[in-house]
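Note on naming: letters A, B, ... go to the chains in the order of the sequence lines (proteins, then strands), and numbering restarts at 1 for each one. Scope of the values below: all heavy atoms of this structure, side chains included, with no hydrogens, waters or symmetry mates.
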Number of protein chains: 2
Amino acid sequence: MAEVTAPAPAPGDRRARRRQETIEEILAIADDVMTEEGVNGLSVSEVARRLGVKPPSIYKYFDSLLAIYDALFERGQRTHLEIMRTAMARAEPGLDALAAGLAASGRWLLAHPATGQLLFWRPVPSFQPTSEAMAPSVEMVRLQRQALADAAAAGQLGAGADSDEALWVTSVLVSGVIGQAMANEPGLPWGEGRFSPLLPKLLGTLAALYPPKPSRRRS
Amino acid sequence: MAEVTAPAPAPGDRRARRRQETIEEILAIADDVMTEEGVNGLSVSEVARRLGVKPPSIYKYFDSLLAIYDALFERGQRTHLEIMRTAMARAEPGLDALAAGLAASGRWLLAHPATGQLLFWRPVPSFQPTSEAMAPSVEMVRLQRQALADAAAAGQLGAGADSDEALWVTSVLVSGVIGQAMANEPGLPWGEGRFSPLLPKLLGTLAALYPPKPSRRRS
DNA sequence: TCCAAAAGCTAGTGGGTGTAGCCATTGCTG
DNA sequence: CAGCAATGGCTACACCCACTAGCTTTTGGA
C-alpha cells in the first residue's frame with residue numbers, strides 16, 4: 001500500500017475526508033513537479049515547498065518518496081486502462097477497437113508525458129511498482145488479446161493473429177511509436193509529428209503478417 | 001569537453017599517459033556502477049569509493065557528474081556506431097545490410113544495457129548530451145537511410161522506401177523491439193526471448209509497406 | 001637537484017531523504 | 001459539553017550526495 005495506513009474509514013468521518021484531500025493534493029503537486037522537472041526531479045522537499053509545509057510533514061501521508069511514485073504509478077495505470085477500455089468499447093470489436101484503443105492510449109500518454117514515462121520507461125530504477133499497481137496492465141493485455149481474437153474471428157486477420165506472437169508484435173509497434181514520439185517530439189500531441197501518424201499504417205501491416213483467408217470479407 | 005582541460009599532450013609525456021589511464025579507469029568503474037545500480041545510481045562518491053580515493057579527487061578528472069555521463073554517452077555512441085557500421089559493411093548493400101546492422105546493434109545494446117539506456121532512454125533528465133556527443137547518431141541515421149536507398153535501387157523495396165518516412169518506420173520498429181526487450185526481458189541476449197526474434201519478421205513488413213515493382217527480382 | 005604541475009587531501013556549504021520526538025488543534029465520544 | 005486521543009504540524013538531527021576552497025604531498029621533467 002502506498003498510503004500510510006489510515007484509521008478505519010468510518011462513514012461520516014470528517015478527518016478521513018480531509019486526509020484524503022491532502023493526499024490528492026500531494027499527488028497533484030507531484031505530477032506538476034514531474035512534468036516540470038522530469039520524472040526524476042520529483043522530491044519530497046519540493047512537494048513540501050509547494051504545499052507550504054515542511055518536508056517531514058509529507059511523511060504523515062506517504063511512507064517515502066518511492067511510495068509517492070507508487071501511488072502515481074497505480075493511478076496512472078488505472079486511468080490509462082480506463083481510457084483505453086472505453087475507447088475500445090465505443091468501436092466495432094476487432095481491428096477497429098484495437099486501433100481506437102491504441103490511438104486513445106497514445107493520445108493520453110502524449111498528453112501526460114510524466115505519467116507516461118513513469119508507466120513505460122521506468123526512469124526511476126530504484127522504483128519497482130507494486131504487483132497490485134501493475135494489475136491493470138494485465139487487464140490491458142487481455143483487452144488487446146481479445147481484440148486480436150475478434151479480428152481473427154471476423155476474418156479481418158488470419159487465424160495466426162489470435163496468438164501471443166501477434167500480441168507481442170502489436171506491443172512492439174505501439175511502444176515503438178509512442179517511445180519515439182515521446183523521446184524525439186515531446187510536447188507534440190497525438191496525430192502530429194513524424195511518428196504518431198505512422199501507427200495506423202503500421203497496424204495495417206498486421207494484415208500482411210497474418211493475412212486473412214481471401215474469402216468474401218465485410219467491406 | 002568532458003575531461004578537465006589537460007596540459008599539452010606532448011609526445012613522450014608520461015604524466016599525460018597516467019592521467020589518461022585514470023580517466024579510463026573512472027569510466028570503467030562508472031559503467032560497472034551503472035550496470036549494478038541502474039543508470040541513475042551513478043554517483044561521484046561511489047566511483048571514488050571504488051577507485052580508493054576521496055570524492056573531491058574525481059573532480060581533478062571530470063568537472064561534474066554530468067561530465068562523466070557525457071563522456072560515457074560519447075563513447076557509447078561511438079562504439080555503437082562502429083559496431084553497426086562494420087556489420088553493415090560485411091553484408092550485401094540494401095536490406096541485408098540493414099538487417100545485419102540492426103541485429104548487431106541490438107546484440108550490442110542488450111549486452112550493454114546500461115550504456116544502451118543512457119543512449120536511447122535518457123534516464124537522467126538533467127543530463128543533455130553535448131551536440132558533439134550526438135554527432136555519431138547523425139551518421140547512424142545516414143547509414144540506415146543509405147541502406148534503404150540501396151534496397152530501393154536494387155528492387156528489394158519500392159521507390160517509396162527511399163524516403164524519410166521509411167526511415168521513421170524503421171526506427172519505430174527497431175526502437176520498439178529493443179525497448180520491449182530491455183524493459184521486459186533484461187539480461188536476455190539478442191535472439192532469445194519474445195521480442196528480439198521478431199525484428200526480421202517486422203523488417204519483412206517493409207516490403208509490404210513499400211512493395212517493389214513486380215518485375216524480375218534477384219533471388 | 002630543483003620546482004612547478006599534478007593529484008591527493010580536509011573542511012565546509014547547501015540540498016536531499018528519512019527518523020525522533022514534541023506540541024497545538026480538532027473532532028469524536030462519553 | 002468536556003475531555004481526550006488521534007492528527008498533523010513542527011524542530012532537530014543523522015546520514016547521504018555534489019561540489020568548492022584551499023592546503024599539502026608527490027612526481028616527473030628540465
Side-chain angles (χ1 to χ4, degrees), chain A residues 2-27 29-30 33-34 36-72 124-127, chain B residues 2-26 29-30 33-34 37-72 124-127:
Chain A
E3 291 82 346
V4 167
T5 54
D13 195 357
R14 186 169 168 187
R15 291 245 237 253
R17 207 178 58 226
R18 283 225 183 267
R19 181 179 182 79
Q20 198 54 38
E21 283 171 9
T22 306
I23 287 177
E24 308 289 342
E25 204 173 346
I26 288 174
L27 291 178
I29 291 175
V33 174
M34 286 200 305
E36 289 169 33
E37 323 261 346
V39 175
N40 246 303
L42 181 59
S43 77
V44 172
S45 297
E46 182 59 24
V47 171
R49 224 163 359 242
R50 298 197 188 193
L51 191 57
V53 121
K54 301 293 176 181
S57 299
I58 302 294
Y59 291 88
K60 298 285 181 174
Y61 301 91
F62 290 93
D63 282 339
S64 68
L65 176 61
L66 291 188
I68 297 181
Y69 277 121
D70 206 60
L72 289 167
V124 187
S126 53
F127 158 64
Chain B
E3 290 85 345
V4 167
T5 55
D13 195 356
R14 188 166 166 188
R15 292 244 237 254
R17 207 177 57 228
R18 284 226 183 269
R19 180 181 182 77
Q20 199 52 39
E21 284 172 10
T22 307
I23 288 178
E24 308 290 340
E25 205 173 345
I26 288 173
I29 292 174
V33 174
M34 285 199 307
E37 324 260 348
V39 176
N40 247 305
L42 181 59
S43 77
V44 172
S45 299
E46 181 60 24
V47 171
R49 231 175 339 258
R50 299 196 186 194
L51 191 57
V53 119
K54 301 293 178 182
S57 300
I58 301 294
Y59 291 88
K60 298 284 180 178
Y61 301 93
F62 290 93
D63 283 339
S64 67
L65 175 61
L66 290 189
I68 298 181
Y69 276 121
D70 206 59
L72 290 167
V124 187
S126 54
F127 159 64

Legend entry - Residue-phosphate contact under 4.0 Å: A:Arg19 side-chain N/O, D:dG8 OP1/OP2: yes
Inset, instruction - Assign A:Thr22 to base, sugar-phosphate, or nothing according to its heavy-atom contacts below 4.0 angstrom with the strands shown. - result: nothing
Legend entry - Distance below 4.0 Å between A:Ser45 side-chain N/O and C:dG15 OP1 or OP2: no
Inset, instruction - Describe the nucleic acid contact of A:Arg49 in one word from base, sugar-phosphate, nothing, applying a heavy-atom distance below 4.0 Å. - result: sugar-phosphate
Legend entry - Phosphate contact (C:dG8 OP1 or OP2) by B:Tyr61 side-chain N/O below 4.0 Å: yes
Legend entry - Minimum-distance nucleotide to B:Pro56 side chain [options: C:dG18, D:dC10, C:dC9]: C:dC9
Inset, instruction - Assign A:Ser43 to base, sugar-phosphate, or nothing according to its heavy-atom contacts below 4.0 angstrom with the strands shown. - result: sugar-phosphate
Legend entry - Any side-chain heavy-atom pair of B:Val124 and A:Asn40 under 4.5 Å: no
Inset, instruction - Figure out the CZ/C1' separation between A:Phe127 and C:dT17, and round it to whole Å. - result: 17 Å
Inset, instruction - Please confirm whether the backbone N or O of A:Ser64 pairs with a side-chain atom of A:Tyr69, one donor and one acceptor, at under 3.5 Å? - result: no
Legend entry - Side chain of B:Lys60 - closest among C:dC9, D:dC10, C:dT26: C:dC9
Legend entry - Nearest to side-chain heavy atoms of B:Leu65, which nucleotide of C:dT17, D:dA18, D:dT11: D:dA18
Inset, instruction - Enter the distance from A:Glu24:CD to A:Thr22:OG1 here, rounded to the nearest 0.5 Å. - result: 9.5 Å
Inset, instruction - Send over the distance from B:Ile58 CD1 to C:dA6 C1', rounded to a whole Å. - result: 15 Å
Legend entry - Gap between atoms OH and C1', on B:Tyr59 and D:dG22 respectively (whole Å): 17 Å
Inset, instruction - List the atom of A:Val53, the atom of A:Ile58, and the distance in Å for their closest heavy-atom pair. - result: CG1-CD1, 4.3 Å
Legend entry - B:Lys54 NZ - D:dC19 P separation (whole Å): 19 Å
Legend entry - Between C1' of D:dG8 and CD1 of A:Ile23, the distance in whole Å: 12 Å
Inset, instruction - Figure out the CZ/C1' separation between A:Arg14 and D:dG8, and round it to whole Å. - result: 15 Å
Legend entry - Gap between atoms CG and P, on A:Leu66 and C:dG16 respectively (whole Å): 17 Å
Legend entry - D:dT27 base / B:Arg15 side chain donor-acceptor hit below 3.5 Å: yes
Legend entry - Under-3.5 Å donor-acceptor pair between A:Arg18 side chain and D:dT7 base: no
Legend entry - N or O in side chain of B:Ser57 less than 4.0 angstrom from C:dA7 OP1/OP2: no
Inset, instruction - Using atom CG of B:Leu42 as one end and atom P of D:dA18 as the other, report the distance to the nearest whole Å. - result: 8 Å
Legend entry - Smallest separation among heavy atoms of A:Ala30 and A:Val47, with atom names: CA-CG2, 4.2 Å
